[in-house]
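Here's the structure, in structure tokens; my notes come after.
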Amino acid sequence: MPDILVQLFGLATIASALRAFVPLYLATLGGVFNERSGIVNIGIDGMMIFGTWFGAWGAWKWGPVVGLLLAVASGVAAAALHAMATITFRVDHIVSGVAINILAIGIPRLLSVVAYGQGTQSPQVSQLPKIDVPGLGEISPVVPLTILLGFGAWFVLGRTVIGLRLRSAGENPRAAESLGVRVKGMRWAGVLISGGFAGLAGGYLSIELVGLYREGMNQGRGFIALAALILGNWSPIGAAFSCLLFAWTEALTVFLRVDWINNAFIASLPYIVTLIVLALFSRRVRPPKAVGQAYEAGSPV
């Protein structure tokens, strides 16, 4: 097999893409829940950052299981701030999301100084026992868990009453309210679920993928997840395929080395592909009709 094909589609590239797929897909699943409920959440990146810090700190103190649980809890806590701002106080969704991302820059730095004596990195942390997969090597148990969560999200959103109510809150909240759906409650649920997924994504990144917290390690994955959400047409299954595309480009930054392609260009592939995908497909997808719209019970919106 030609060397270029090995770099593009070899088992090492596939294994790396699978590992990169997990945090992207978890964050994108969170975006599916909050946007299908009607709330825009560009603060997913910040929620992931909180997950990376609290996950690594929890794993350092009490082991990887507690670390992952703390990562989820930190994402939910950040999501609660976003839900309170956007749903309870009807703050602009973009403004609230930007605020979450700004908090995620300063608070982990402060906490790192307090916990580790310096602001940019944690000590090495313990990880979950790995699963040996022939051909792909050792993978984290979070990888199959992520696949199960994807199918679970698809089933809940598309095959359950709760999923129907959550989607109705994002499509036509006035009609949903007339049928007895608690629109605010559904939107709160969607945002909190998104925070849990984003926190778990961050915890996987720091605990299982890297083995420590390092400032800036998220590298904008939350924003790439938003692009994957759009490309996947706000669907868990569609999001899986779009995340695989972005994860593959991330793997290529490690394995693709061609004389006639500048290495800086290869390192920028995930972001270049994100921009191209948004430019080509953003007009061909249909977001939930009421996403981003503030709603009060009894209002005509």
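Predicted, not measured: the structure shown is a model, and the values here were computed from it.
In this structure, Y25 and L149 have side chains that are not in contact, with every pair of non-hydrogen atoms separated by 4.5 Å or more. You'll find the side chain of F223 reaches within 4.5 Å of the side chain of N101, heavy atoms only. The shortest side-chain heavy-atom distance between V277 and L245 falls under the 4.5 Å cut-off. Using a 4.5 Å heavy-atom threshold, the side chains of V22 and L209 count as separate. In this structure, M47 and N41 have side chains that are in contact, with non-hydrogen atoms separated by less than 4.5 Å. Side chains of I131 and P144 form a contact here, defined as non-hydrogen atoms less than 4.5 Å apart. Looking at heavy atoms from C-beta onward, W57 lies out of side-chain contact with S112 at the 4.5 angstrom threshold. Side chains of I139 and K130 form no contact here, defined as non-hydrogen atoms less than 4.5 Å apart.
In terms of modelled atom types and a separation under 3.5 Å, the side chain of E215 and the main chain of Q121 share no donor-acceptor contact. For Y204 (side chain) and T146 (main-chain N/O), no donor-acceptor pair under 3.5 Å exists by modelled atom type. Between the side chain of S16 and the backbone N or O of T13 there is no donor-acceptor pair closer than 3.5 Å. The closest donor-acceptor contact from the side chain of T253 to the backbone of A267 lies at 3.5 Å or more, if one exists at all. No donor-acceptor distance shorter than 3.5 angstrom exists from the side chain of E250 to the backbone of A20, with no hydrogens or angles considered. Remark: the backbone N or O of A85 is not paired with any side-chain donor or acceptor of T88 at under 3.5 angstrom. With N34 contributing its side chain and I39 its backbone, the two residues share a donor-acceptor pair below 3.5 Å. In this structure a side-chain-to-backbone donor-acceptor pair under 3.5 Å is present from R187 to S37. Under a 3.5 Å cut-off, the side chain of R221 and the backbone N or O of M217 do form a donor-acceptor pair. Not a single donor-acceptor pair under 3.5 Å links the side chain of N233 to the backbone N or O of G238.
Across every non-hydrogen atom of A169 and M186, the tightest pair is CB-CB, 4.0 Å. In terms of heavy-atom proximity, L70 sits nearest to G58 at CD1-CA, 3.6 Å. Scanning both residues, S168 and A176, for their nearest heavy atoms gives OG-CB, 3.4 Å. The shortest heavy-atom contact between S206 and A56 is OG-N, 3.7 Å. Nearest heavy atoms, P173 versus A290: CD-CB, 3.5 Å. Heavy atoms only, all atoms of each residue included: G222 and I44 are closest at CA-CG2, 4.2 Å.
V113 and I105 fall into different hydrophobic clusters, where Ile, Leu, Val, Met, Phe, Trp and Tyr side chains are chained together by heavy-atom contacts under 4.5 Å. Cluster membership check: W62 shares its hydrophobic cluster with L212, using side-chain heavy-atom separations under 4.5 Å among Ile, Leu, Val, Met, Phe, Trp and Tyr. One hydrophobic cluster, built from ILVMFWY side chains closer than 4.5 Å, cannot hold both I49 and L205; they sit in different ones. The hydrophobic clustering, which links ILVMFWY residues whose side-chain heavy atoms are closer than 4.5 Å, places I237 and F155 together. Under the 4.5 Å side-chain heavy-atom criterion for grouping Ile, Leu, Val, Met, Phe, Trp and Tyr, V285 is not connected to W154 through any hydrophobic cluster.
Taking OH from Y271 and OG1 from T249, the interatomic distance works out to 9.5 Å, rounded to the nearest 0.5 Å. Taken to the nearest 0.5 Å, the NE2 atom of H93 stands 9.0 Å off from the CZ atom of R90. Here the straight-line distance linking atom CG of L81 with atom OG of S96 works out to 8.0 Å at 0.5 Å rounding. A distance of 9.0 Å separates SG in C243 from CG in L229, rounded to the nearest 0.5 Å. From I224, atom CD1 reaches atom CG of N218 across 9.0 Å, with rounding to the nearest 0.5 Å. Taking CZ of F246 as the reference point, atom OG1 of T28 lies at 8.5 Å (rounded to 0.5 Å).
Using cut-offs of 30° and 60° on the angle between ring planes, the pair Y116 and W53 is tilted. Classified by interplanar angle (parallel below 30°, tilted 30° to 60°, perpendicular above 60°), the ring pair F50/F54 is tilted.
At a threshold of 4.0 Å, the pair E35-R167 does not count as salt-bridged, since none of the basic side-chain nitrogens sits closer than that to a carboxylate oxygen. Checked for salt-bridge contact, R182 and E177 miss the test: no charged N lies under 4.0 Å from a carboxylate O.
Around atom NZ of K289, no more than 12 heavy atoms belonging to other residues, nucleotides or ligands sit under 6.0 Å away. Counting heavy atoms of neighbouring residues, nucleotides and ligands inside a 6.0 Å radius, atom CD1 of I162 does not exceed 12 of them.
At a cut-off of 3.5 Å, with distance as the only test, a side-chain donor of T120 or Q118 sits close to an acceptor on the other residue.
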Derivation of the side-chain contact (heavy atoms from CB on, under 4.5 Å) call for D45 and L226: CA-CA 9 Å; D45 194 70; L226 292 175; over 6 Å; no

Chi angles and distances behind the side-chain contact (heavy atoms from CB on, under 4.5 Å) call for F265, L269: CA-CA 6 Å; F265 177 83; L269 270 178; 4.0 Å; yes

Chi angles and distances behind the side-chain contact (heavy atoms from CB on, under 4.5 Å) call for L166, R36: CA-CA 7 Å; L166 188 141; R36 292 305 291 265; 3.9 Å; yes

Audit row: L128, I207, side-chain contact (heavy atoms from CB on, under 4.5 Å) steps and yes/no: CA-CA 8 Å; L128 295 172; I207 298 171; 5.9 Å; no

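For W60 and Y213, the ring centers are positioned 6.0 Å apart or more.
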